[in-house]
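Notes follow the structure.
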Amino acid sequence: MNLRPLLDALDLQEDTARTLADDLRAQIIDLQTRLREAEMHLEHLTITRKTVTGLHRPVSRPSRRSCPSIRTTPRILAAFNHATGPLRAKDVCQALGHELLPKNVEGTRAKLKRLVKLGILTEADTGNFARKR
């Protein structure tokens, strides 16, 4: 029996299969590269979306607790304008005409501390507040 034609046919099929496998590997490499590029593009689009929606959100107003009451700040500062030295929270309460209840004194002290943080007042000693010059 002559095996040569059979072996030649097998060689031809192996060469065809190898060529097909090489072509498919090249396509896979190309597809993986394209996939990485598409995923990176999606990632950039996600970042862009977050940035754009972040810009669109209105700037939140500070809470009432984060800044002194707009109504009482001018009156507090007026009390310091008439003072000859540093004032304590109790002195400011009296100048504003508030009762000297602990809740009023503590509320005023908190406002004075916030005005110190904003750089409007200074705290010379603990509990003694003065207008920044």
Side-chain angles (χ1 to χ4, degrees):
M1 174 177 206
N2 191 0
L3 293 178
R4 191 82 216 127
L6 183 59
L7 292 175
D8 288 341
L10 283 173
D11 285 342
L12 186 61
Q13 286 184 0
E14 283 178 347
D15 288 342
T16 304
R18 261 191 211 94
T19 303
L20 179 61
D22 290 342
D23 288 345
L24 290 173
R25 280 189 202 96
Q27 287 179 9
I28 289 171
I29 290 170
D30 182 52
L31 288 172
Q32 286 175 335
T33 302
R34 290 174 54 196
L35 176 62
R36 274 194 301 274
E37 289 171 355
E39 286 174 340
M40 187 179 299
H41 186 64
L42 278 171
E43 196 173 313
H44 290 160
L45 289 172
T46 301
I47 292 168
T48 302
R49 178 178 296 279
K50 285 181 181 178
T51 302
V52 168
T53 56
L55 291 173
H56 179 15
R57 274 188 230 123
V59 177
S60 62
R61 302 176 113 195
S63 69
R64 291 182 57 82
R65 292 179 179 235
S66 67
C67 65
S69 171
I70 293 173
R71 292 176 301 203
T72 58
T73 301
R75 293 177 57 211
I76 290 173
L77 296 178
F80 280 97
N81 289 338
H82 298 295
T84 57
L87 296 176
R88 300 185 66 75
K90 195 178 277 191
D91 301 329
V92 175
C93 277
Q94 284 178 333
L96 295 176
H98 296 313
E99 288 184 67
L100 293 180
L101 298 173
K103 70 175 189 171
N104 293 339
V105 174
E106 289 304 315
T108 302
R109 181 176 286 110
K111 289 177 186 173
L112 294 173
K113 294 268 187 186
R114 282 185 234 130
L115 288 171
V116 168
K117 284 184 183 176
L118 292 171
I120 297 170
L121 297 179
T122 60
E123 191 171 7
D125 296 326
T126 305
N128 288 319
F129 300 91
R131 186 89 187 250
K132 205 171 202 177
R133 302 282 173 197

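All residue numbers refer to positions in the sequence shown, counting from 1.
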With a 3.5 Å cut-off and sequence neighbours excluded, list the donor-acceptor pairs that the side chains of residues 12-30 form with protein atoms.
residue	atom	partner	partner atom	Å
Thr16	OG1	Leu12	O	2.8
Thr19	OG1	Asp15	O	2.8
Asp22	OD1	Arg25	NH1	2.9

Residues 100-110, side-chain donor-acceptor partners within the protein, below 3.5 Å, at least two apart:
residue	atom	partner	partner atom	Å
Asn104	ND2	Glu99	O	2.9
Glu106	OE1	Arg109	NH1	3.4
Glu106	OE2	Arg109	NH1	2.5
Thr108	OG1	Asn104	O	2.8

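Under the salt bridge (Lys or Arg N to Asp or Glu O under 4.0 Å) criterion, no residue pair touches residues 39-49, with sequence neighbours excluded.
Rounding to the nearest 0.5 angstrom, the gap separating the CZ atom in Phe129 from the CG atom in Leu112 is 5.0 Å. Once rounded to the nearest 0.5 Å, the distance linking CZ of Arg131 with OG1 of Thr122 reads 11.0 Å. Note: Leu35 CG to Glu37 CD = 9.5 Å, rounded to the nearest 0.5 Å. Annotation: the span from Arg75 atom CZ to Lys111 atom NZ amounts to 9.0 Å, rounded to 0.5 Å. Summarising the geometry, atom CZ belonging to Phe80 is positioned 8.0 Å from atom CG belonging to Leu115; distances are rounded to the nearest 0.5 Å. Atom CG in Asn2 sits 9.0 Å away from atom CG in Leu7 (nearest 0.5 Å).
The side-chain hydrogen bond (donor to acceptor under 3.5 Å, both in side chains) check on Lys113 picks up Glu123, with sequence neighbours excluded. Checked against side-chain hydrogen bond (donor to acceptor under 3.5 Å, both in side chains), Asn128 has the following partners two or more places apart in sequence or in another chain: Arg88. Qualifying salt bridge (charged side-chain N to carboxylate O under 4.0 Å, His left out) partners for Arg4, counting only residues two or more places apart in sequence or in other chains: Asp8.
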